[in-house]
Amino acid sequence: MRQRQQVRTAAKLRISWNRYRWIAAPEAAASAGLLLGYACMPFAIAAAVGLVVLMAAALMFRLRVRDSARFVLGDAVLLGLAAATAVLGVTAS
């Protein structure tokens, strides 16, 4: 939708808008997978692993541009939660 704040974020992270807007696809897939995970654990595990990859990449981009500590911390917390979800899903099944 090219929302102004998202365009600014893409510019701050030095990602072209055409590439940045595709981040929504893995985010939506992870959300759907986590919701499907209530019915079928393998979906939750796959979504959590995908979210780990997505958040690790987000964290690397934020560190590369020396983004504010609150954004780095937020991405790190989400990365940790996704990793914990993946590990707990694997050990539970």
Side-chain angles (χ1 to χ4, degrees):
M1 296 181 72
R2 203 169 175 91
Q3 190 179 26
R4 249 184 284 169
Q5 181 60 38
Q6 294 300 316
V7 173
R8 276 190 235 128
T9 300
K12 180 173 71 171
L13 295 174
R14 293 186 236 147
I15 304 170
S16 72
W17 175 250
N18 288 332
R19 291 181 67 196
Y20 184 81
R21 66 188 180 140
W22 286 102
I23 293 171
E27 288 175 344
S31 297
L34 288 172
L35 289 174
L36 285 171
Y38 285 115
C40 182
M41 183 60 77
F43 282 114
I45 295 168
V49 169
L51 201 50
V52 166
V53 173
L54 182 69
M55 294 314 300
L59 193 56
M60 288 186 325
F61 274 98
R62 293 207 185 271
L63 290 171
R64 181 183 72 166
V65 298
R66 292 179 168 74
D67 207 354
S68 69
R70 71 183 180 135
F71 286 116
V72 171
L73 182 61
D75 285 352
V77 167
L78 291 174
L79 173 63
L81 289 172
T85 300
V87 168
L88 290 173
V90 168
T91 58
S93 53

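Residues meeting the side-chain hydrogen bond (donor to acceptor under 3.5 Å, both in side chains) test with R19, sequence neighbours left out: none. Listed by chain and residue number, R62 satisfy the salt bridge (Lys or Arg N to Asp or Glu O under 4.0 Å) test with D75 (two or more places apart in sequence, or in another chain).
One hydrophobic cluster holds both Y20 and M55 under the rule that ILVMFWY side chains link at heavy-atom gaps under 4.5 Å. Hydrophobic clustering, with ILVMFWY side chains joined whenever heavy atoms are under 4.5 angstrom apart, keeps V49 apart from I23. Under the 4.5 Å side-chain heavy-atom criterion for grouping Ile, Leu, Val, Met, Phe, Trp and Tyr, L36 is not connected to M41 through any hydrophobic cluster.
Between the CH2 atom in W17 and the CD atom in Q6 there is a gap of 6.0 Å [rounded to 0.5 Å]. Atom CZ of F61 sits about 4.0 Å away from atom CD1 of I15, to the nearest 0.5 Å. Taken to the nearest 0.5 Å, the CD atom of Q3 stands 9.0 Å off from the OG1 atom of T9. Atoms CZ and CG, from F43 and L35 in turn, are 12.0 Å apart once rounded to the nearest 0.5 Å. From L73, atom CG reaches atom OG of S68 across 10.0 Å, with rounding to the nearest 0.5 Å.
The two residues D67 and L13 come nearest to each other via the heavy atoms OD2-CD2, 4.3 Å. In plain terms, the two heavy atoms of A48 and A82 that are nearest each other are CB-O, 3.6 Å. Across all their heavy atoms, L54 and P26 have their closest contact at CD1-CG, 4.1 Å. Of all the heavy atoms in A44 and G37, the pair that sits closest is CB-CA, 3.5 Å.
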Q.
Applying side-chain contact (heavy atoms from CB on, under 4.5 Å) to L78 and L59, what does each step give before you reach the verdict?
A. CA-CA 10 Å; L78 291 174; L59 193 56; over 6 Å; no
Listed pairs under 3.5 Å, donor-acceptor, residues 85-92 side chains, sequence neighbours left out:
{"unit_1": "T85", "atom_1": "OG1", "unit_2": "L81", "atom_2": "O", "d": "2.8"}
{"unit_1": "T91", "atom_1": "OG1", "unit_2": "V87", "atom_2": "O", "d": "3.1"}
{"unit_1": "T91", "atom_1": "OG1", "unit_2": "L88", "atom_2": "O", "d": "3.1"}

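Other residues, nucleotides and ligands place more than 12 heavy atoms under 6.0 Å from the CZ atom of R64.
Within the cation-pi definition used here (under 6.0 Å to the ring centroid, within 45° of the axis), K12 qualifies as a partner of F71.
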